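This report refers to the structure that appears directly beneath it.
From a predicted model like this one, the values you see are computed outputs, not experimental measurements.
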Amino acid sequence: MNHSQPTVRLKPDKHIDCNLSQDDGVWMMGSSFIIFTMTAGFGLLEAGRVSSKDEVNCMVKNVFDVIFGGLAYWMFGYGLTFGDSQHRFGKFFGFGEFFFDPERMSEDDSTDEVHLVGGISGLVATSYLKPRRNRFARNGVRTVSDPTKAILGFLMIWWGWLAFNTSSNYAVTHGQWSEGMRSAVGTILASAGGGVVTVVITRFATKKIQMDMLIDGMLASLVSSTGGCLYFTPWQATIVGAIGSAIALGAYPVTEWLKIDDPVGVIPVHVVGSIWGMMAPAIFVYRRPMNFGPPECNFQTSDGTNGLLYGGGFSLLFLQLMVVFVIGTYAAVCSFLILFIMQHSPVGLRISKYEEELGADLIEHGLAGLNLMTYTVEKKLDARTLSAVLMMIIRWRSKARLGALRRRQIHDSGLATPKPVTENVEMNVIHRRH
């Protein structure tokens, strides 16, 4: 499965204390707080890769993810994930432990395919919503508000990913700290291998180091490492990350050809990267003896299945393919139903084309954050102030265009002073736009 496999605890001797200790609790709490910073990282990454008139809205949505997502997970998510698998619905999802109370906590046994679920949900959503205005028009471009902010967000995600992968063993006592160390090595080497391939591909394909390709290639390598970082050897982790980055960047022209509007790279990272990340363990994994702690606790890995390259045959590969199909189908159906219900509810799903042109920051939050050279307009707006601000923006753009024309004339003619330029045409344009 697409997660760092936790150690399985098998019927410990009742005279030996094999339960989680205070050290394990500190390990999990510290890792959880680090992982929480990934929310800020995703917010910065998304806000930096959309247009400047929508970046505040992206940050607010990440706040909403924590507020409503956290509440929903407490009420239902934990039970659907960790609930009783022996229930009659257990073949499809966990049942029970809703409105979770740690005082009545039962034994944890989990799997995590979060990247594939998120990727498929994003693919369904962007296909359902259709592209943004003028995204695939003849002169359409991908608008990016702040590349520096996007890269800073990626670095925060990278930092959080190490905690995400290494803490999946849930414990550090009884020698299990070595699982975390092994996972950390696999994670960082996968990202390094993916980073080298990403730089080579973007340099070869575009003659530059493209910001969006760099971020997506690196994130895809991290996603690829998550499924088997505990079991990958250093060279295997490097290769897995490199392949993940390569196939993720290969998805770029496909999404453009299919006219799928994906401003934050959900499809190459979380669809392509996660599918490869779930296939890679079925190819590379070799189950070495990894029993930790007192023999009486019987801490050991769940089974001895090897990957394709180590005599395991195709059984594990077919199993992982089936898991990808089941999870992908489940996520697609649920996402479509949620989107369809929201679209036909009073809440709605998307702002109008006119509101999209003005920007979600203005429509949803009453803000206008358009950068005018080094001057930034950022204040509460009403209809009258909005008209004044838009007029100012139009005048500034017209004056900038006239200045560029004058400088071009000076350069072309070699004169010390510019030729006179009639401003009536530009002012007429301003009047019509107003």
Side-chain angles (χ1 to χ4, degrees), residues 2 41-42 44-51 54 58 115-155 157-158 161 190-226 239-280 324 328 331-332:
N2 190 18
F42 281 114
L44 289 171
L45 186 149
E46 295 162 10
R49 292 181 65 171
V50 299
S51 63
D54 300 311
C58 276
H115 303 119
L116 183 60
V117 173
I120 294 296
S121 300
L123 174 60
V124 171
T126 191
S127 301
Y128 187 87
L129 289 172
K130 307 302 182 186
R132 290 166 293 173
R133 184 176 182 270
N134 295 329
R135 170 63 179 85
F136 293 104
R138 175 173 296 182
N139 297 323
V141 294
R142 297 183 63 172
T143 55
V144 176
S145 63
D146 194 338
T148 302
K149 186 184 298 180
I151 294 176
L152 175 60
F154 158 70
L155 290 172
I157 295 171
W158 196 358
W161 215 293
S191 61
V196 171
V197 170
T198 298
V199 170
V200 171
I201 290 178
T202 182
R203 185 70 180 178
F204 177 79
T206 67
K207 308 302 180 184
K208 296 178 177 64
I209 308 299
Q210 294 284 357
M211 177 272 300
D212 52 352
M213 295 182 72
L214 176 64
I215 292 174
D216 290 346
M218 292 288 291
L219 285 178
S221 68
L222 289 168
V223 172
S224 302
S225 74
T226 306
I239 292 177
V240 167
I243 295 175
S245 296
I247 60 177
L249 296 181
Y252 262 65
V254 177
T255 56
E256 291 291 311
W257 179 68
L258 294 175
K259 294 186 177 181
I260 298 175
D261 189 6
D262 183 15
V264 296
V266 170
I267 295 170
V269 174
H270 288 290
V271 177
V272 177
S274 66
I275 291 176
W276 165 244
M278 295 177 74
M279 294 297 102
V324 168

Which heavy-atom pair separates T198 from L214 by the least distance, and what is that distance? CG2-CA, 3.6 Å
Would you give the length of the straight line joining atom CG of L123 to atom CD1 of I267, rounded to the nearest 0.5 angstrom? 4.5 Å
Students often mix this up, so state it plainly: with edges at 30° and 60°, are the rings of H270 and H115 parallel, tilted or perpendicular? parallel
Which heavy-atom pair separates D216 from P268 by the least distance, and what is that distance? OD2-CG, 4.3 Å
So, taking the atom named CG in L152 and the one named OG1 in T148, what distance separates them when rounded to the nearest 0.5 Å? 9.0 Å
Can you name the closest pair of heavy atoms from A47 and V50 and give their distance? O-CG2, 3.5 Å
As a test of understanding, state which of I157, V264, I151 forms a side-chain contact (heavy atoms from CB on, under 4.5 Å) with I215. I151
Hey, mind stepping through L45 and L219 against side chain to side chain contact (heavy atoms under 4.5 Å, CB included) and telling me if it holds? CA-CA 11 Å; L45 186 149; L219 285 178; 3.9 Å; yes
Hydrogens and angles aside, do S191 and W161 bring a side-chain donor and acceptor to less than 3.5 Å of each other? no
Distance-minimising heavy-atom pair for S225 and A190: CB-CB, 3.4 Å
Treating S245 as the side-chain partner and A242 as the backbone partner, does any N or O pair qualify as donor plus acceptor under 3.5 Å? no
Indicate yes or no: does R49 engage D262 in a salt bridge with an N to O separation below 4.0 Å. no
Value rounded to 0.5 Å, distance of CG in L249 from CE in M218: 11.0 Å
Considering non-hydrogen atoms only, spot the tightest contact between A150 and M211 and give its length. CB-SD, 4.0 Å
Is there a donor-acceptor pair closer than 3.5 Å between any side-chain N or O of T206 and the backbone N or O of R203? no
S224 OG to I243 CD1 distance, which is reported to the nearest 0.5 Å: 9.0 Å
Pairwise side-chain contact, D212 with Y252, heavy-atom cut-off 4.5 Å (strictly under): yes
Taking every heavy atom of S145 against every heavy atom of S51, the minimum-distance pair comes out as CB-C, 3.7 Å
For the atom pair CE (M213) and CD1 (I209), what is the distance rounded to the nearest 0.5 Å? 9.5 Å
May I ask you to decide if V240's main-chain N or O and W276's side chain share a donor-acceptor pair within less than 3.5 Å? yes
For V199, does its backbone N or O pair with a side-chain atom of T202 as donor and acceptor, under 3.5 Å? no
Check whether S127 reaches the backbone of V124 with its side chain - one donor and one acceptor, N or O, closer than 3.5 Å. no
